[in-house]
Chemist: 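Below is the structure I would like to discuss, written out as structure tokens.
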Amino acid sequence: MYAERVLSGMRPTGALHLGHYHGVLKNWVQLQHEYPCLFFVADWHALTTNYDNPQSIEKSTWDMVIDWLAAGVDPNQATLFIQSRVPEHAELHLLMSMMTPLGWLERVPTYKDQQEKLANKDLSTYGFLGYPLLMSADILIYRADKVPVGEDQIPHVEFTRELARRFNHMYGREPGFEDKAREAVKKLGGKKARLYEELRVRFQQDGDKDAVEQARAMLNDIQHLSTQDRERLFGFLEGTGKMILVEPGYLLTEESKMPGLDGQKMSKSYNNTITLRESEESVAKKIKGMPTDTQRVRRTDPGDPARCPVWQLHQVYSDDATREWAQQGCRTAGIGCIECKQPVIEGILKEQAPMRERAQVYLDDPTLVKNIIADGCEKAREMARETMRDVRESMGLEYH
Ligand code: TRP
Ligand code: SF4
């Protein structure tokens, strides 16, 4: 059976914090058991906005990869790599740039938004305008079926889908496509071939979308089908020509509700974070320094957890009994804030302990990390090369 591929990328921002863990990484760790996954460091993407300060990218990349591993992303299950080490991404980006309408790029909502948000930077660059196209290349080059993204990135996946459709429509009409497709149908064998034909007709005559879904599922289930034939059959089904690039779907990652030290959402820009591998002393110090219910001035004043950021962390880290204890203790002034914070400190340390342990192995021997990435890059490149062969072929650049 053809397994759907998952792909996601992250800009190298340096050490990750608990918000990343609860928002993104836990999700990746889960997905790696369910799908073949590709996770990569989007270092070129970092350059689209930080082109004037590239020096920090390398260290941020290694720190981030160690954090992935620390969080439980398993290099034996997922392929981990660095975007710039698979230069095929750039080739696909270039080739697609030839047929990408400027208006499509200008209309991507993040384009104007980010320019306004980062007004201190000159983002009227070619690279920044082309950033969604680069992301499309990242996705399409692996023929990813599912892309886990946050809400803000959904328009980019939609953009990618439209681009794939345009590409297939424009370049998917290989000479003799129809004959080759009919040959491929025959290879399915009597029963499946008949079902395929029936579903194809149902879609093309009645626009029956379920028929497409059913046919796709059937094709995905067939093991012995070559990539070439699979693409032809997908394309023939919908009447678009050969499907060279696969339209991806997205998996919406719920925005992290991880509260930071001040009760706002945990974010580097609010300076309210605890990093994945923050030292135990520092965790304790940060939690002890957290503001509490401002109306609880003296130890003897009763407080209200609803007004307290520490309570939000109890909701992440404490069990029912501890939460009950905190609620009760706070409202009756039965406990002090220092006491109340202790289980939160312990909860965080407990969550971090296995991460710190896993990370230590890599910190002691950084060549392990380099090797994991080198392997991942090699594997990713293999897949990328395969797609590029088809892309070049379809654009008349194969030079036999
Ligand atoms: N643009 C994403 C971000 O800024 C990172 C990214 C780059 C990405 N390429 C990708 C995510 C491909 C998913 C798939 O967060
Ligand atoms: Fe916050 Fe706990 Fe102090 Fe109440 S007792 S104000 S919940 S830290």
Side-chain angles (χ1 to χ4, degrees), residues 5-13 16 20 23-24 27-28 31 37-50 64 81-84 86 89 92-93 108 110-111 113-114 128 130-142 144-157 159-161 248-253 255 259 261 263 287-315 318 322-345 380:
R5 263 185 211 166
V6 166
L7 167 111
S8 199
M10 213 188 271
R11 289 174 184 234
T13 49
L16 301 181
H20 294 117
V24 181
N27 188 233
W28 284 14
L31 286 168
C37 289
L38 293 139
F39 299 128
F40 73 98
V41 180
D43 56 348
W44 281 338
H45 286 268
L47 284 174
T48 60
T49 48
N50 273 344
M64 189 167 85
F81 66 99
I82 296 172
Q83 180 185 34
S84 67
V86 186
H89 289 229
L92 184 57
H93 174 252
V108 173
T110 46
Y111 181 57
D113 284 2
Q114 289 287 97
F128 184 70
Y131 147 78
L133 181 60
L134 182 57
M135 178 157 161
S136 297
D138 300 337
I139 297 169
L140 296 172
I141 204 160
Y142 299 106
D145 303 280
K146 295 199 152 85
V147 184
V149 286
E151 181 134 39
D152 59 317
Q153 299 283 316
I154 291 177
H156 298 153
V157 181
F159 174 88
T160 305
R161 294 171 61 85
Y250 58 79
L251 294 171
L252 179 61
T253 310
E255 214 201 325
L261 294 167
I287 300 297
K288 284 180 185 156
M290 276 180 75
T292 57
D293 176 0
T294 46
Q295 294 179 33
R296 194 175 180 202
V297 184
R298 281 172 299 267
R299 164 71 179 79
T300 47
D301 298 339
D304 181 359
R307 290 191 298 252
C308 177
V310 177
W311 169 244
Q312 295 186 39
L313 288 177
H314 271 295
Q315 285 169 310
S318 299
T322 310
R323 288 211 292 256
E324 185 50 39
W325 166 83
Q327 281 276 0
Q328 183 69 13
C330 181
R331 291 184 198 289
T332 59
I335 58 171
C337 292
I338 304 275
E339 244 178 304
C340 181
K341 287 171 172 181
Q342 198 52 39
V344 171
I345 296 175

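All ligand and atom numbering here is 1-based and tracks the order in the structure. In this text, all values refer to a predicted model and were calculated from it rather than measured experimentally.
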Chemist: What protein heavy atom sits nearest atom 4 (Fe) of ligand 2, and how far off is it?
Modeler: Cys330 SG, 2.3 Å
Chemist: Can you tell which part of Gln153 has a heavy atom less than 4.0 Å from ligand 1: side chain, backbone, both or neither?
Modeler: side chain
Chemist: Have a look at ligand 2 and work out which part of Asp293, if any, has a heavy atom under 4.0 Å from it: side chain, backbone, both or neither.
Modeler: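 Looking at Asp293 and ligand 2, atoms from backbone and side chain both fall under 4.0 Å.
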Chemist: Suppose we measure from atom 2 (Fe) of ligand 2 to each protein heavy atom; which comes out shortest, and what is that distance?
Modeler: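 Checking every protein heavy atom, the shortest distance to atom 2 (Fe) of ligand 2 gives Cys340 SG, 2.3 Å.
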Chemist: Is atom 3 (Fe) of ligand 2 under 2.8 Å from any N, O or S atom of Cys337?
Modeler: yes
Chemist: Show the atoms of ligand 1 that are less than 4.0 angstrom away from any heavy atom in Ile139.
Modeler: 12 (C), 14 (C)
Chemist: How close does the nearest protein non-hydrogen atom get to atom 5 (S) of ligand 2, and which residue and atom is it?
Modeler: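 The closest heavy atom on the protein side is Arg296 NH1, 3.0 Å.
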Chemist: Can you sort out which atoms of ligand 1 are near Phe40, meaning under 4.0 Å from one of its heavy atoms?
Modeler: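 By the 4.0 Å cutoff, the relevant atoms are 9 (N), 10 (C), 12 (C).
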Chemist: Above 12 or not: heavy atoms from other molecules or residues under 6.0 Å from OH of Tyr250?
Modeler: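 No, the 6.0 Å shell around OH holds no more than 12 heavy atoms from other groups.
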Chemist: Answer yes or no: are there more than 12 heavy-atom neighbours, outside Gln342 itself, under 6.0 Å from its atom CD?
Modeler: yes
Chemist: How close does the nearest protein non-hydrogen atom get to atom 1 (Fe) of ligand 2, and which residue and atom is it?
Modeler: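 Atom 1 (Fe) of ligand 2 sits closest to the protein heavy atom Cys308 SG, 2.3 Å.
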Chemist: Please identify which atoms of ligand 1 are closer than 4.0 Å to at least one heavy atom of Tyr131.
Modeler: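 Under 4.0 Å from Tyr131, ligand 1 has these atoms: 1 (N), 4 (O).
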